Amino acid sequence: MEIFLNGKGKKLNDDIKNLEQCVDALPGNNEGVIVELNGKIIKYGERESILLKDGDKIELIQFMGGG
């Protein structure tokens, strides 16, 4: 399956079926990341129940502190 992650095409492994598995499979610390799927912000508790489809558009937003 191929999705768009932050505007770039990405092929997913066949074992990734839902949004939570997709976020967990990404490199880095994705704790506290906000996930938008096809223009809609997805609540943390809903990620596991959302099945991905070919062509889905996922945007990851992470707030960073600085000074």
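Fair warning: this is a prediction, and the values are worked out from it, not measured in the lab.
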Under the side-chain contact (heavy atoms from CB on, under 4.5 Å) test, residues paired with [X] that sit two or more places apart:
X	answer
Lys17	Gln21
Glu48	Asn18, Glu20
Glu2	Asp54

Using 0.5 Å steps for rounding, measure from the [atom1] atom of [X] to the [atom2] atom of [Y].
X	Y	atom1	atom2	result
Leu60	Leu5	CG	CG	5.0 Å
Glu59	Asn38	CD	CG	10.0 Å
Phe4	Asp56	CZ	CG	10.5 Å
Leu12	Leu26	CG	CG	8.5 Å

Point to revise | Leu52 side chain near Met1 side chain, heavy-atom distance below 4.5 Å | key: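 A side-chain contact under 4.5 Å exists here.
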
Distance-only check: which donor-acceptor pairs under 3.5 Å involve side-chain atoms of residues 39-47, not counting sequence neighbours?
residue: Arg47; atom: NH2; partner: Val33; partner atom: O; Å: 2.7

Point to revise | Whether over 12 other heavy atoms sit under 6.0 Å from Asp15 CG | key: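 Atom CG in Asp15 is packed in, count exceeds 12.
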
